[in-house]
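When a ligand or atom number is given, it counts from 1 through the structure's own listing order.
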Amino acid sequence: MHRLVKQLTLEEKAKLTVGIDRWQTAAIPRLGIPSIRMNDGPNGVRKEDESVFDEVNGHGSFPATCFPCISALANSWDAQLCRGVAGQLGAQAKALGVNVLLGPGINHKRTPVGGRNFEYFSEDPHLTGELASAYVEGLQETGVACSLKHFYGNNTEYNRFHVNVKMSERARREIYLPAFERVVRGAKPRTVMAAYNRLDGVYCSENERVLNGILRGEWGFEGLVVSDWDAVHDKVASVRAGCDLEMPFRSEETVRAVIQAVQSGALREEALDRCVDRILCLIDDVKDNCQNAAPVDWQGAHRAAVAAAEKCAVLLKNTGGVLPLEGSYCFIGAQARENSYQGGGSSHVNTPFVPNVLAEAEKLTGKRIPFARGYSYAEGGAAEENAALAEEAAALARAHAVAVVFLGYNENVETESRDRADISLPAAQNELVARLCAAGCKVVAVLFTGAPVEMPWAESVQAILQVGLAGEGSGLAAARLLLGLENPSGRLAETYPRRLEDNPSYPYYAADPDVLEYGEGIFTGYRYYVTENVKPLFPFGYGLSYTDFSYGGIAAEEEGGRIRLDVTVRNTGKRAGGTLVQWYVSCPQGAERPAAELKAFSKVYLAAGESAAVRLYVEKSALSRYDEHRGGWAFDEGEYTFSLRSDCFTVIGAAALTLGAEEKTKNLFEEKERRAFAR
Ligand code: GLC
């Protein structure tokens, strides 16, 4: 217990458990306890500038670098990139005087309409867990604390402050908890943010089973739990449940409620002391982390943002090698001049660098690129305007061999606080693409969206490049990728369904104003599509390159308590490029299990002609399933097939192993302990 706990008065203890404003904790000068500051967000520091306020965007924030959103970083499948970006965020947080950076968000993506899907990693817990762990380590190595959020079940924005999320215990253990567990055990986040929603009827910030039970009791988390902003409904219950810090300040009544509860015996002072202890330990950890912060090289950070964005883009189609661009081409679409590069809400970053693909491409080529705006974002009566713009664009396209059309939403379609109503692009943009496909030229579609969209024109265009919401560097990155100065190497971290109705969570979404039932259970995302053989538009793990790769020496061997997976990858093309080694496991039939599950991956960058031997390991315990009847993990003896895939559907090669059950462990806790470290 922190040495100062016993020196604090009851009132001082209660004060410490509530913020003093939107972003800072209380100070106790009498004992030399300073206030610390926590600010968003996952892809850039949003330190609010109280002197700037407008009705639309609320408070302004100080300028900072806008890196690729988490969903774009996830498409890189590159843990080292996540680590590096987070390190840059830590340096900027320190320079801006921010002790705790409120990110990363790692909630599972169960539906493509999720308003914050741009802000989360993936539909696969293993991918999320590995990338988020690297991010947390990269951030905290700078001395800045992270806040792993939102724990847990905040998978959509649907009635987010109150919705009661219900899921099976198996889905909880196999899908919604593993990424949090992997990061908590492996990367040791200094804080975890409790989610807004209820789980099985109890708000996360007041949920004893969630906080003191699973997070601390099962996983041994020793850091601080902070509520999401205004997420606490019953302050005394939140202290009792292990939610140490309520943010932001709301009223003195909150403090008084804690004092009165202790005085009446309704709240044991030991519970309050435990919260205060964790608050004091966090303050000790971070109170000096911004001192002597190095000045930020903003130009250097911008270049890093460009380089990061280049590695996030996913080449989804490239028929006839229409990319990289050469010869006669034109740019079409308002997004070419200011593409979408981040989402709306608390993660929004104020950067002076606004991406502009057209300007960057003209700088790179040294020539003017013919351009037409193609569509207007104006709501409602823009039909005539859009028709005229489309005709102008079609005329320009007819005069060129290739039309590159840039697509995306205007501000705040992909945003915190509301889900999308569907996954369609604006009708004017889809109509424009159809017009261009009928113009007699080749068409390249470039997307700047943070989540899946339906593409009714996918069969008609010759190429599709998904850049994503990839930050301030996405304009130059897109230009360099389109012109072949950089080779796309991203892979989808979320399935792109042909239509929203194909998504397994669709029947259960918004069926009830107050309850979200996760009726699809563990068959979420590709686990459903592959098992039921429902072909998506573009599958999880999919992505193309400007070069080619071969895979040989595919082998799987049991080695002690783990499986060793080997493959040799060669770049057989004429230019450098990155590819992804992704291993899936198919388990013995019998128990109802997904047809394939990602268990290991590694991003590999190779020069032309270069090859690399890639060896990965999977703990046998990571192959277990959660048995609801036993209330624990079960390992099925039998034949396991380990398949190297180029996406979740496409098998490159496979190896089968017959595996016996592990020596029976003394108790489930140990079994879970071993499983949690699956690499
Ligand atoms: C918001 C978000 C959370 C953010 C916090 C502070 O409502 O849910 O992600 O960190 O409040 O802005």
Salt bridge between Glu130 and Lys603, side-chain N to carboxylate O under 4.0 Å?
no
What residues, two or more places apart in sequence or in another chain, satisfy salt bridge (Lys or Arg N to Asp or Glu O under 4.0 Å) together with Arg491?
none
Among Asp40, Val45, Ile36, which one satisfies side-chain contact (heavy atoms from CB on, under 4.5 Å) with Val98?
Val45
Protein residues that have a heavy atom under 4.0 Å from any atom of ligand 1, sorted by chain and number
Trp23, Asp40, Arg46, Leu102, Arg116, Lys149, His150, Arg160, Met193, Tyr196, Asp228, Trp229, Ser346, Glu416
Is it the case that Lys109 places NZ or CZ above or below the six-membered ring of Tyr120, under 6.0 angstrom from the centre and within 45 degrees of the axis?
no
Taking the six-membered ring of Phe221, is the NZ or CZ of Arg216 close enough (under 6.0 Å from the centre) and on axis enough (within 45°)?
no
Taking the ring of Trp219 and the ring of Tyr152, is the distance between their centroids below 6.0 Å?
no
